[in-house]
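Numbered from 1 within each chain, the chains take letters A, B, ... in sequence-line order.
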There are 2 protein chains.
Amino acid sequence: MAPAQTHASADRRIEILKSAAAAFRRRGYHGASVDEIASALEMTKGNLYYYFRNKEEILYACHEYSLDVLLALLADVRAETSTPDHKLRRLILAFVHLLLDELQATALTIDLQALSPPLLRKIIARRDEFDRGLREIIQQGMDAGAFAPGNPKMVAFAVMGAVNWITKWYDPAGPMTSDAIGQAFADYLVGGLTRMSGSSVPPPAAR
Amino acid sequence: MAPAQTHASADRRIEILKSAAAAFRRRGYHGASVDEIASALEMTKGNLYYYFRNKEEILYACHEYSLDVLLALLADVRAETSTPDHKLRRLILAFVHLLLDELQATALTIDLQALSPPLLRKIIARRDEFDRGLREIIQQGMDAGAFAPGNPKMVAFAVMGAVNWITKWYDPAGPMTSDAIGQAFADYLVGGLTRMSGSSVPPPAAR
DNA sequence: CACAGCGTTGAACGAGCGTTCAACGCTGCG
DNA sequence: CGCAGCGTTGAACGCTCGTTCAACGCTGTG
């Protein structure tokens, strides 16, 4: 009946990850204490070690979880049969939504480099996978002439930066809902690439 | 003869700040040890306390220094008598250049929230000043019809995010020079806003 | 009722790190 | 030459925090 759980109460593990992600976002990996993560859940820090081997494994699991979610989204968008600009738009909208409403605004922002090399490599490999997917969409748009020509790698980095940076200023109590932010970002980041007609309008004045 | 120095060897202080900024970027504020900062300069950690009261003051000075540089740039650009799109373009180009070549790729990225409230407030006030300046330029462009209409606050956040994020992936030994990155980002981030004619072309297809 | 084992506790340990400080060498001035 | 003081040293202290672990309660099963 209950959903598949590899070992001990997977739900509890996820609660811990959410608390940890929030703490890591606020204070950074080294700044957040294990005790702080536990207290927020009204458990003792010793108890965390029943679910995770150590603090690093918690960080690793946070990144894994975020990447699971984001790569699933990417696969979803890729499978669509629509134009690159629709794909990019949907990707940004959903990314912002996931980031703010599901991932404790934390996804790819927290200290990757705190991980030891073997774990680090695994995370980087998957993050690169996401990057490549994003670049592919942008490249397709450029090839089709729907997007202004440019370096898709740089554009992808710019998009990722703009979106991930939201973490730094977003205030759930602020005037902008996560939806409104997503719309505004998609408008700017996709609209800015899109050339009016289906054909070749020259790139903007600036050289 | 020597340039103005408030107290003890200002040059030495700046060397320390550079080392600290680099360490903070790699490991984060809490992850970087005072000893690590000192060792990189072949000094002992005790000696750092001759120049700074404590670790927090070093972090504070890093932010102050970065903001000095960036606000000077902003004032410079503001004083120009050119169109908003030229201003924005120049701001981005120079920001990228400063960030990568002068500020150890560290500017606004390092744990602000590690600062105690009084210091934090001072930094945030100046960062907001920069934000306001950026928004103002964007607003002017929208008012003049040179930029597509939108929420200038969101656009400003997106630009700041894209640029500051460079820190996370930039590799001085990589294929892209800081200049090339600046060009690519300015093309995308400004070009994306710019509407073709001087007048009112409707915003892109997507709603 | 007895037993098993999962989830939990809280105390204790040990390492790392920020910070302090008394003492030292070096440089330049009187 | 002797003195003053700046810049530097390195050892020591104390606190925080990650991690360990033996012991405990609770729940459900035989």
* **A:Ser33 side-chain proximity, nearest of C:dG10, D:dG18, D:dT9** => D:dG18
* Heavy-atom pair of closest approach, residues B:Ala114 and B:Tyr29 -> CB-CD2, 3.4 Å
Expressed in angstrom and rounded to an integer, what is the separation of [X] atom [atom1] from [N] atom [atom2]?
| X | N | atom1 | atom2 | result |
| --- | --- | --- | --- | --- |
| B:Leu59 | C:dT19 | CG | P | 12 Å |
| B:Phe52 | C:dG18 | CZ | P | 15 Å |
| A:Met43 | C:dG10 | CE | C1' | 15 Å |
| B:Arg12 | D:dC6 | CZ | P | 17 Å |
| B:Asp11 | D:dC6 | CG | P | 18 Å |

Check nucleotides 19-26 of chain D against the protein and report each pair of N or O atoms closer than 3.5 Å, with its distance, or say if there are none.
residue	atom	partner	partner atom	Å
D:dT19	OP2	A:Tyr49	OH	2.8
D:dT19	OP2	A:Lys55	N	2.8
D:dT19	O4	A:Lys45	NZ	3.3

* Do you see a donor-acceptor pair shorter than 3.5 Å between the side chains of B:Gln183 and B:Arg89? -> yes
* Polar contact flag, side-chain donor to acceptor under 3.5 angstrom, B:Asn164-B:Thr109 -> no
* Is the shortest distance from a Lys or Arg side-chain nitrogen in B:Arg12 or B:Glu15 to a carboxylate oxygen in the other one below 4.0 Å? -> yes
* Is A:Ala38 touching bases, backbone alone, or none of the nucleic acid, heavy atoms closer than 4.0 Å? -> nothing
* In terms of heavy-atom contacts, does NZ of B:Lys168 have more than 12 from other residues, nucleotides or ligands at under 6.0 Å? -> yes
* Neighbour count above 12 (heavy atom, 6.0 Å) for A:His86 NE2 -> no
